[in-house]
Amino acid sequence: MMKKRSRTDLDQAVVNVCKRELGQLSTRDFAHRLAASEDLVLRLEIHKKLEKHEGCVNTLSFNSGGDVLISGSDDLRVILWDWETGRVKLSFNSGHRNNVFQAKFMPFSDDRTVVTCAADGEIRQAQILEGGEVKTILLGKHKDSRVHKLAIEPGSPHIFYSCGEDGVVQHFDLRTRSATELFTCRSINDPRSFQPYVHLNAIAIDPRNPNLFAVGGMDEFARLYDIRKYNWDGSSDFGQPADYFCPQHLIGNGDTGITGLSFSDQSELLVSYNNEFIYLFTRDMGLGNPPFPSFSSPISTGSDTSEVEPGSIASSSSMDVDGKNAAQAYKGHRNCETVKGVSFFGPRCEYVSSGSDCGRIFIWKKRGGELIRVMEADRDVVNCTEPHPHTMALASSGIDSDIKIWTPKAIERATLPTDIGQVKPKARGWMYRLASPDDLMLQLFSLQRQRTSPESVVQNSVMDRELLELILSFNANSDVSSDDGGDTANLDDSLG
């Protein structure tokens with residue numbers, strides 16, 4: 001039996017039609033209001049499962065027209081999909097030697113130029129020739145470092161950026177096929193820092209002002225840079241950010257980091273934290289330059305997302321400790337095990353979406369932070385939620401080898417599940433899949449610092465157990481990892 005729409009929905013729809021007919025609402029605004037309807041979000045269900053990859057699918061991206069979806073995987077292949085029919089348009093070897101982490105079309109290239117980055121530290125270009133032949137070339141490399149994300153300059157068929165776990169940000173120009181090293185992201189002068197640079201996981205460009213880009217990684221700060229301050233003759237030190245962003249209670253917290261960044265079309269910055277929440281910043285929420293006033297104040301250890309009540313309005317207080325507007329928080333998901341992205345959803349970025357360690361997709365209202373939708377997606381972790389550029393459709397992927405396409409075709413509106421707070425996957429801590437002995441040593445140093453802090457002496461037995469689990473995890477996963485390549489046949493065992 002078909003569920004009736006609420007009276008409120010019907011009344012609002014009638015009001016919008018009347019406003020359009022009277023000329024009080026433009027055709028464009030009417031279409032946007034319809035496309036952003038919460039009713040459509042509540043009717044999302046799986047339209048297609050795209051099954052061709054043989055490993056974890058780490059990246060999804062639509063072309064500008066929205067008719068082609070590109071994906072990259074641990075199987076080292078890049079696939080172009082006709083997502084509506086589920087048909088593979090083209091599949092090719094990326095040329096990478098380790099897991100493909102990002103694959104994107106360059107704008108205004110007739111969908112024939114693709115740039116990729118991977119766990120081998122390489123940034124490559126794939127040129128799709130007539131007849132479907134693909135030629136790949138090496139554009140640059142981050143030495144001994146995984147590269148998780150690329151940022152494409154909006155409207156440019158030539159310019160993009162990369163960031164790596166070596167802390168380096170590079171600028172690429174396809175006209176010269178050359179890489180320019182812009183800077184190394186340095187740790188803020190903090191006695192807790194044990195390395196001179198920040199491992200970077202995410203980079204994003206402001207679509208309203210492409211001169212501005214943000215980076216985030218293995219500390220609590222999202223850093224904003226202005227490319228106009230870079231002297232291309234190399235005569236200036238470009239390493240100083242134009243601004244920093246961080247919730248006040250996380251300043252000085254060495255137990256969290258940033259896994260995903262996204263800009264809205266209103267220049268708002270969305271920041272997803274490991275073992276914490278997602279936060280929305282406007283430009284006036286910047287902290288300026290360090291040292292920050294509250295940097296030496298007692299720090300919060302964060303909150304347990306499992307305590308959030310399903311369907312509650314999950315927002316931070318309206319003012320922070322300095323009297324400024326506080327960042328909007330989005331709660332309920334879990335982000336502990338992998339490098340998860342975060343994205344805006346809707347024609348005017350009306351919603352926020354993220355994957356979760358529990359294998360679900362979470363969708364919140366941007367304004368107010370209300371959790372309105374939780375969708376069962378994968379058996380394991382969901383890392384990517386990619387919105388369609390024009391319609392209320394969504395692509396998702398993660399540890400599973402398939403891709404789910406979500407469209408609003410359900411007959412009945414979905415309700416929130418009642419067991420959101422009860423789903424507690426076995427956490428392995430921040431980025432538990434270790435790629436190298438260097439990663440192991442960094443984790444060992446981190447645990448050692450916790451052991452020697454005065455407030456943690458009573459927890460030494462717990463630390464000893466964590467240390468043992470860390471070493472065993474490294475031995476078990478040194479050849480098998482969703483982040484680091486290799487045969488994925490034993491992946492379920494490593495997640496168990």
Side-chain angles (χ1 to χ4, degrees), residues 142 145 148-149 151 161-170 181-204 212-227 229-230 236-261 269-279 281-302 320-322 324 326-327 339 430-431 438-439 441-443 445-450 452-453 455-456:
H142 289 251
S145 168
H148 290 280
K149 294 296 180 184
Y161 299 78
S162 70
C163 69
E165 291 184 358
D166 56 359
V168 173
V169 174
Q170 296 189 59
E181 184 174 317
L182 298 180
F183 62 91
T184 298
C185 187
R186 301 292 178 182
S187 300
I188 293 177
N189 186 21
D190 173 11
R192 295 173 298 107
S193 299
F194 58 93
Q195 59 187 20
Y197 61 88
V198 179
H199 287 213
L200 296 178
N201 298 317
I203 183 169
L212 303 178
F213 65 91
V215 299
M218 295 279 279
D219 73 1
E220 66 270 35
F221 297 105
R223 295 161 169 84
L224 184 72
Y225 294 86
D226 190 335
I227 191 62
K229 295 183 178 180
Y230 182 77
S236 68
D237 181 9
F238 186 58
Q240 180 61 43
D243 213 342
Y244 290 80
F245 295 87
C246 180
Q248 283 285 340
H249 72 281
L250 289 182
I251 296 177
N253 187 336
D255 296 327
T256 191
I258 294 169
T259 68
L261 296 172
L269 180 61
L270 200 60
V271 183
S272 181
Y273 282 89
N274 163 261
N275 206 28
E276 240 273 345
F277 306 135
I278 298 167
Y279 294 92
F281 299 93
T282 56
R283 285 296 306 277
D284 61 349
M285 293 179 182
L287 300 171
N289 292 320
F292 306 116
S294 57
F295 193 77
S296 59
S297 63
I299 63 172
S300 166
T301 57
D320 64 21
V321 294
D322 293 330
K324 298 180 181 179
V339 178
W430 168 245
M431 300 286 289
D438 289 343
D439 289 343
M441 291 305 298
L442 291 178
Q443 293 280 16
F445 281 129
S446 177
L447 283 175
Q448 183 61 32
R449 290 201 316 278
Q450 296 177 53
T452 55
S453 62
E455 65 272 20
S456 299

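These figures come from a predicted structure and were not determined experimentally.
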May I ask you to check whether Glu220 and His249 show a side-chain donor-acceptor distance below 3.5 Å?
no
Checking Gln248 against Leu287 for the side chain to side chain contact (heavy atoms under 4.5 Å, CB included) test, could you report, in this order, the C-alpha distance in whole Å, the side-chain angles of both residues, the deciding distance, and whether it holds?
CA-CA 9 Å; Gln248 283 285 340; Leu287 300 171; 3.8 Å; yes
Pick from Phe221, Tyr273, Tyr279, Phe281: which one makes a ring-ring contact (aromatic ring centres under 6.0 Å, His included) with Phe245?
Phe281
Nearest 0.5 Å, what's the CD1-CD distance between Ile203 and Gln170?
10.5 Å
Tell me the closest heavy-atom pair linking Ser272 and Ile278, and the distance in Å.
OG-CG1, 3.7 Å
Closest approach of Lys229 and Ala242, non-hydrogen atoms and distance?
NZ-CB, 4.1 Å
Would you name the heavy atoms of Leu261 and Ala214 that are closest together and state the gap between them?
CD1-O, 3.6 Å
Looking only at heavy atoms, the pair that brings His148 and Asn201 closest together is CB-O, 3.4 Å
Please find the pair of heavy atoms, one from Gly164 and one from Ser145, that lie closest to each other, and give the distance.
C-OG, 3.6 Å
Can you see whether His142 engages Glu165 through a side-chain donor-acceptor pair at a distance of less than 3.5 angstrom?
no
Any non-hydrogen side-chain atom of Ser162 less than 4.5 Å from a side-chain atom of Lys149?
no
Restricting to side chain to side chain contact (heavy atoms under 4.5 Å, CB included), what partner residues turn up for Phe183, sequence neighbours left out?
Val169, Cys185, Phe213, Tyr225, Phe238
By side chain to side chain donor-acceptor pair (under 3.5 Å), which residues pair with Gln240, not counting sequence neighbours?
Asn289
Residue list, salt bridge (Lys or Arg N to Asp or Glu O under 4.0 Å) with Asp243, at least two apart or on another chain:
none
Rounded to the nearest 0.5 Å, the OH atom of Tyr244 sits from the CZ atom of Arg223 at a distance of 5.0 Å
Within the distance-only criterion (no hydrogens, no angle test), does the side chain of Thr259 pair as donor or acceptor with the backbone N or O of Val339 below 3.5 angstrom?
no
To the nearest 0.5 Å, how far apart are CD1 in Ile258 and CD in Glu276?
11.0 Å
Measure the CG-CG distance between Asp255 and Asn274 for me, rounded to the nearest 0.5 Å.
9.5 Å
Looking at SG of Cys246 and CE of Met285, how far apart are the two atoms once the value is rounded to the nearest 0.5 Å?
13.0 Å
I want to check something: taking the side chain as every heavy atom from C-beta on, are Ile227 and Leu182 in contact at a cut-off of under 4.5 Å?
yes
Measuring only between side-chain heavy atoms, which start at C-beta, is Leu224 closer than 4.5 Å to Arg283?
yes
